[in-house]
Amino acid sequence: MGRADKVVLAYSGGVDTSVCIPYLKEEWGVKEVITLAADLGQGEELGPIKEKALTSGASVSLVADAKAQFIRDYAFPSIQANALYENRYPLSTALARPLIAKLLVDAAAEYGADAVAHGCTGKGNDQVRFDVSIAALNPSLKVLAPAREWGMSREQTIAYGEKFGIPSPVKKSSPYSIDRNLLGRSIEAGPLEDPWTEPLEEIYAMTRAIADTPDEPDYVEIDFVKGIPVSLNGTALDPLALVDALNDMVGKHGVGRIDMVENRLVGIKSREIYEAPALLVLIQAHRDLESLTLTADVSHYKRGIEETYSQMIYNGLWYSPLKGALDAFIAQTQEQVSGTVRVKLFKGTASMVGRKSENSLYTPDLATYGEDDVFDHKAAEGFIYVWGLPTRVWSEKIRG
Ligand code: ARG
């Protein structure tokens with residue numbers, strides 16, 4: 001008896017996921033492996049990948065163009081939540097996992113598979129995101145993770161693949177482990193494992209080195225409707241085109257790099273380099289527009305929600321009831337978050353230099369220090385008396 005009859009495998013075309021195909025069949029008695037490659041804008045040709053799965057022993061090789069869905073249903077809600085894990089990482093890799101899980105679960109239903117599989121090892125966050133998302137979407141599906149159990153080194157994996165006609169990587173494989181999609185690139189391992197070592201310029205692909213950035217700034221005006229970015233410099237763009245165009249504009253000025261040591265869910269600290277030009281600027285611009293359109297209490301309360309929301313995305317809980325409840329809170333807050341933010345891009349920095357909105361709560365005659373001032377200065381005195389009363393009483397009675 002095998003572990004499953006028919007399996008849908010998340011497929012990237014790399015050696016590890018390719019080796020999963022014969023491994024599932026030979027070692028785990030799976031009768032049929034269907035592969036699914038999700039196109040999330042990783043900038044690779046998926047035609048050869050489709051072919052490769054078939055020569056590696058897959059019975060069906062699916063390619064799903066999920067780019068638009070990725071931006072609309074995963075990136076945009078995350079921008080509305082200003083989601084930054086540990087205040088820095090905009091979750092570009094993490095956001096892709098619940099979508100891939102959904103594609104796997106849907107394909108399993110369509111092809112009558114009794115299991116899905118992925119090539120994650122046991123040390124990362126991605127295995128958690130896949131397993132938990134799949135369980136949330138269809139708890140009766142088995143999840144197989146060969147690379148978590150096979151215990152083969154890189155060399156052994158390549159040798160195993162060669163027995164089944166899977167070619168070993170042609171070019172000398174890079175020391176880095178890189179995950180890429182439309183939203184960004186995540187780079188780890190190799191020399192980066194030493195947190196004291198500065199990353200080499202060669203690891204970046206979406207952002208220019210400061211030395212190569214223009215000597216004049218660029219300005220970009222981003223329009224938001226209910227917290228969703230809809231146009232750049234007055235030109236309406238669909239979600240995919242908007243992110244694509246903004247990645248170029250922002251990356252050109254060397255904006256969007258992050259170098260951090262982060263805490264993985266499985267308890268390991270890891271040094272990660274990210275570049276996520278458009279996503280980072282969209283979050284900054286969105287947060288800036290909120291400062292104009294949300295009341296102080298909603299804005300302050302939302303910061304706590306954002307922290308939880310970011311952790312939930314990072315920790316694989318995209319399809320969980322708490323996440324759904326927080327989505328409802330965030331959606332409600334976004335009703336007034338429409339308007340325009342003006343961003344200046346220059347030498348590695350994105351500065352928010354202007355913002356406007358029809359729903360602006362900014363009130364010039366309250367804020368001004370000029371003659372038009374309508375603020376009742378006398379009222380401040382009484383307010384401060386009451387506000388400070390507990391502190392005054394404490395000081396008199398206790399502090400002495
Ligand atoms: N640490 C990041 C995360 O958990 C990115 C991991 C991406 N994988 C990679 N091979 N660099 O979301």
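Atoms within each ligand, like the ligands themselves, are counted from 1 in listed order. Keep in mind it's a predicted model, so treat the numbers as computed, not measured.
- When the heavy atoms of Arg185, Met260, Glu262 are ranked by distance to atom 1 (N) of ligand 1, first place goes to Glu262.
- The shortest N/O to N/O separation between Thr93 and ligand 1 does not fall below 3.5 Å.
- When each of Lys347, His253, Arg208 is checked for a side-chain hydrogen bond (donor to acceptor under 3.5 Å, both in side chains) with Thr213, only Lys347 meets the rule.
- Remark: ligand 1 and Ser177 share an N or O pair separated by less than 3.5 Å (distance only, no angle test).
- Between the side chains of Ser78 and Tyr309, no donor-acceptor pair is found at a separation under 3.5 Å.
- Taking 4.5 Å as the limit, every side-chain heavy atom of Trp28 sits out of range of all side-chain heavy atoms of Cys20.
- Counting protein heavy atoms only, atom 6 (C) of ligand 1 is closest to Glu272 OE2, 3.9 Å.
- Remark: the Glu155 side chain and the Tyr160 side chain contain no N/O donor-acceptor pair separated by less than 3.5 Å.
- In summary, Glu335 and Lys226 engage in a salt bridge, as defined by a charged side-chain N under 4.0 Å from a carboxylate O.
- Interface of Tyr89 with ligand 1, defined as ligand atoms under 4.0 Å from a residue heavy atom, comprises 2 (C), 3 (C), 12 (O).
- The distance criterion of under 3.5 Å between nitrogen or oxygen atoms is not met by Ser270 with respect to ligand 1.
- Put simply, Val33 and Ile100 are part of two different groups of oily side chains (I, L, V, M, F, W, Y) that touch within less than 4.5 Å, one to the next.
- Which of Tyr176, Tyr274, Tyr314, Tyr85 comes nearest to atom 2 (C) of ligand 1 through a heavy atom is settled by distance: it is Tyr274.
- If you number the atoms of ligand 1 from 1 as listed, the ones under 4.0 Å from a heavy atom of Ser186 come out as 5 (C), 7 (C), 11 (N).
- Residues Glu306 and Asn82 have side chains that bring a donor and an acceptor to within less than 3.5 angstrom of each other.
- Atoms of ligand 1 found under 4.0 Å from any heavy atom of Asn125 (numbered from 1 in listed order, with element): 3 (C), 4 (O).
- Each of Lys31, Lys6, Lys142 was checked for a salt bridge (charged side-chain N to carboxylate O under 4.0 Å, His left out) with Asp114, and the lone residue meeting it is Lys142.
- Given atom 8 (N) of ligand 1, the protein heavy atom at minimum distance is Asp179 CB, 3.8 Å.
- Interface atoms of ligand 1 facing Arg129, defined by a heavy-atom separation under 4.0 Å, are 3 (C), 4 (O), 12 (O).
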